[in-house]
Amino acid sequence: MLPAGGTARRTSDLAEAVREVEAAERPRWVWADARETYPALLRAGVRVSRCHDVALTEGLLLAYEGRYGENRSARAAHARLHGLPVPDEQPPDAPGTLFAPEPLAAEAVAEVLADQLRRIEALPESGRFRLLVAAESAGALTAAEMAHDGMPWRRDVHDALLTELLGPRPVHGMRPAKLQALADEVAAAFGHPVNPDSVQQLVKAFKGAGVALKSTRSWELKQIDHPAVAPLLAYKELARLFSFHGWVWADQWVRDGRFRPEYVVGGVVSGRWATSGGGALQIPKVMRRVVVADDGWTLIVADAAQLEPRVLAAMAGDMGLARAAGEIDLYSALAQSFGGQRDNAKIAMLSAMYGGTSGDAPKLLAMMRQRFPQAYQFVEDAAKAGEEGRLVRSWLGRTSPPPSSRWKELVSGPEGGRAARDRGRFTRNFVVQGTAAEWALALLAVLRGLLPPPARLVFFQHDEVMVHCPIGQAEEVMAAVTAAAEEASRLLFGRTPVRFPMEAVAVTCYADAK
DNA sequence: ATAAAGTGCGCC
DNA sequence: AAAGGGCGCACTTTAT
């Protein structure tokens, strides 16, 4: 670990040394991997403002170079630099210290850093890529801090909610009373025992009752007239709550009134974050009432409205769409271009960004092509690149994986058209989702820097942020959110008519945010 | 017995 | 009505 441009240090009390250097110089710390370095510093009460994460940067560079998925650790990068055998990927928390490798020497990290900076400078859009690297690295800091601080989570409220919906906590291995009652109802409706968790048994039972099903997806069940359907749908909903976010989950993930998920920065190919535990990005909305600010504190909740179509408007330089994206409700502004229907405008935009073809999509896409030719062409080009096996990049340069050898085989076979279209839909969406993720990352980085202590970022979900702060800081934090959104827009797109509205609200409970 | 695949559904 | 992008996770079923 070393400050960029500084000299290497060795110290027995790393945390104390970092604290001193941070206070005196505020350097951009160069870390082989923030996931390995930062949590321990946080536990020691040390925070830093900036870093360059070598591993995340290596991942971005490798992808840009068409080598997505290769080992991106600093150790692997160093080995490649010297033509040495590249080590296997180490799991982030590889158990067993017996064979744990020595940390990479500071000199080696510095070598990799210098190489990365050279590779970045050589890129055609090096300025954008530098921004991407800075934002991704700031994300690594934020993710570690959010895991450390945790989101307020009231176990008593959680328990009350579960008890209300499911019945009291059952003994291990049993279904809660209300869940069991629903399972019994399903069985009674069929006249024989059926495991409602078994697709196979359900399809068979419905077949016996004269109902042919292709699947047991709830939308398909809803179209069926059979007494088992209602209790089954209720069962599915509650069973998910019980197993995903029930008491066992809380035992594992909630401590000291805080939910501490493990975020994986850049864990999604598009640059979105993933989680490696705790399911923080899939918390059911009904659970939001469990997230309550501490006494005397408040939650500032903000999400970017219609982020993806705005990003498309800005990227494509489509002035017509950009004008609509200058309004708070983009879809309403677009409605008149789509026969006066807001819903039609929304379907048109989503179909363009996702590659939708069903229902009214073809008709609405034709209208979009006519009204917003540049935006239309932008996503069409991305889709075409994907179908032809080429790489696509987000605005700042995050790059899609190259086609697999399996895909290349498929494409030249009888089902080739299908495989090509599938990849086209992926790359079409990649450029939009990836750039939206970059905007959100930039917002997060700026906001993190603007927050007055002791305000803390406690949640981030694609285009939504939550800050936990003393009530007295609410106004300042809400202003910081607005400022951060403006700065993120300026950093990515410079001067653009496109607005990126990010309205923050102060609430005691997350459930009251919308 | 354990691992991998398939299914379904929560979030954006 | 229900299909178009990205995930993670629990459950069952199938493969090893």
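Any value given below was found using the heavy atoms of this structure, including those in side chains, with hydrogens, waters and symmetry copies removed.
Dashed line: the shortest gap from a side-chain N or O of S218(A) to OP1 or OP2 of dC9(B) is under 4.0 Å. Between K236(A) and dC9(B) there is a side-chain polar atom (N or O) within less than 4.0 angstrom of OP1 or OP2. Of the side-chain N and O atoms in R425(A), one or more sit less than 4.0 angstrom from OP1 or OP2 of dG5(C). Residue S270(A) has no polar side-chain atom (N or O) positioned under 4.0 Å from OP1 or OP2 of dC7(C). Contact annotation: K214(A) does not reach the phosphate of dG8(B) (side-chain N/O to OP1 or OP2, under 4.0 Å).
If you check dT12(C), dG5(C), dC11(B) against the side chain of D197(A), the one that comes closest is dT12(C). Taking every side-chain heavy atom of V269(A) into account, dG6(C) is the closest of dG10(B), dG6(C), dC12(B). For A274(A), taking side-chain heavy atoms from C-beta onward, the closest of the listed nucleotides dA10(C), dG10(B), dC7(C) is dC7(C). Taking every side-chain heavy atom of S215(A) into account, dG8(B) is the closest of dC11(B), dG8(B), dA2(C). In this structure, of dG4(C), dA2(C), dG6(C), it is dG6(C) that holds the atom nearest to the side chain of H462(A). Side-chain proximity of S358(A) to dC11(B), dA3(C), dC7(C): nearest is dA3(C).
For dC9(C), the base has no donor-acceptor partner in the side chain of R240(A) [N/O atoms by modelled type, under 3.5 angstrom]. Looking at Q433(A), its side chain has no donor and acceptor atom pair within 3.5 Å of the base of dG6(C).
Within 4.0 Å (heavy atoms only), E220(A) reaches no atom of the nucleic acid at all. No engagement by G359(A) is indicated, since no non-hydrogen atom pair under 4.0 Å with the nucleic acid exists. Nucleic acid contact for G278(A): sugar-phosphate only, since backbone atoms but no base atoms lie under 4.0 Å from a heavy atom of the residue. At the heavy-atom level, T275(A) lies under 4.0 Å from the strands shown only through sugar-phosphate atoms.
With a cut-off of 3.5 Å on both Watson-Crick or G-U wobble distances, the partner of dA3(B) is given as dT14(C). The partner of dA2(C) is absent, by the rule that a Watson-Crick or G-U pair needs both atom distances under 3.5 Å.
A glycosidic torsion no more than 90° from 0 defines the syn conformation; dG5(C) lies beyond that range and is anti.
With a 4.5 Å cut-off on side-chain heavy atoms, P196(A) and R175(A) count as touching. Side-chain atoms of D329(A) and Q306(A), non-hydrogen and from C-beta on, do get closer than 4.5 Å to each other. Inter-residue side-chain proximity for V194(A) and H192(A) is flagged as met; some heavy-atom pair is nearer than 4.5 Å. Between F129(A) and R398(A) there is no side-chain heavy-atom pair separated by less than 4.5 Å.
Regarding L312(A), its CG atom lies at a distance of 14 Å from the C1' atom of dG5(C), rounded to whole Å. When the C1' atom of dC7(C) is taken as reference, atom CG of D463(A) falls 14 Å away, rounded to whole Å. Rounded to whole Å, the distance from CG on L221(A) to P on dA2(C) is 13 Å. Summarising the geometry, the separation between NZ on K346(A) and P on dC12(B) is reported as 12 Å, rounded to the nearest angstrom. L365(A) places its CG atom 14 Å from the P atom of dG5(C), with the value rounded to the nearest Å. Protein atom CG of L241(A) is 17 Å distant from nucleotide atom P of dC9(C), rounded to whole Å. Atom pair N429(A):CG and dA3(C):C1' shows a separation of 14 Å (rounding to whole Å applied). The CZ-P distance, from R175(A) to dA10(C), rounds to 17 Å in whole Å.
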Please tabulate the protein-to-nucleotide N/O contacts below 3.5 Å involving nucleotides 13-16 of chain C, giving atom names and distances.
{"unit_1": "dT13(C)", "atom_1": "OP1", "unit_2": "S198(A)", "atom_2": "OG", "d": "2.7"}
{"unit_1": "dT13(C)", "atom_1": "OP1", "unit_2": "Q200(A)", "atom_2": "OE1", "d": "3.4"}
{"unit_1": "dT13(C)", "atom_1": "O3'", "unit_2": "Q200(A)", "atom_2": "NE2", "d": "3.1"}
{"unit_1": "dT14(C)", "atom_1": "OP1", "unit_2": "Q200(A)", "atom_2": "NE2", "d": "3.0"}

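No more than 12 heavy atoms of other residues, nucleotides or ligands shown are found within 6.0 angstrom of CD on E503(A). Within 6.0 Å of atom CG in D88(A), 12 or fewer heavy atoms from other residues, nucleotides or ligands are found, so the atom counts as exposed in its surroundings.
Of the two residues near DNA chain C, T357(A) and F244(A), the one whose nearest nucleotide lies more 5' is T357(A).
Ring-plane geometry between F493(A) and W395(A) is classed as tilted, the angle between the planes lying from 30 to 60 degrees on a 0 to 90 degree scale.
Look at Y354(A) and the base of dG5(C); the rings stack, centres closer than 5.5 Å and planes less than 30° apart.
Here the two rings, on W273(A) and F460(A), have centers that are under 6.0 Å apart.
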Full working for side-chain contact (heavy atoms from CB on, under 4.5 Å) between L321(A) and M349(A): CA-CA 10 Å; L321(A) 192 57; M349(A) 290 303 302; 4.0 Å; yes
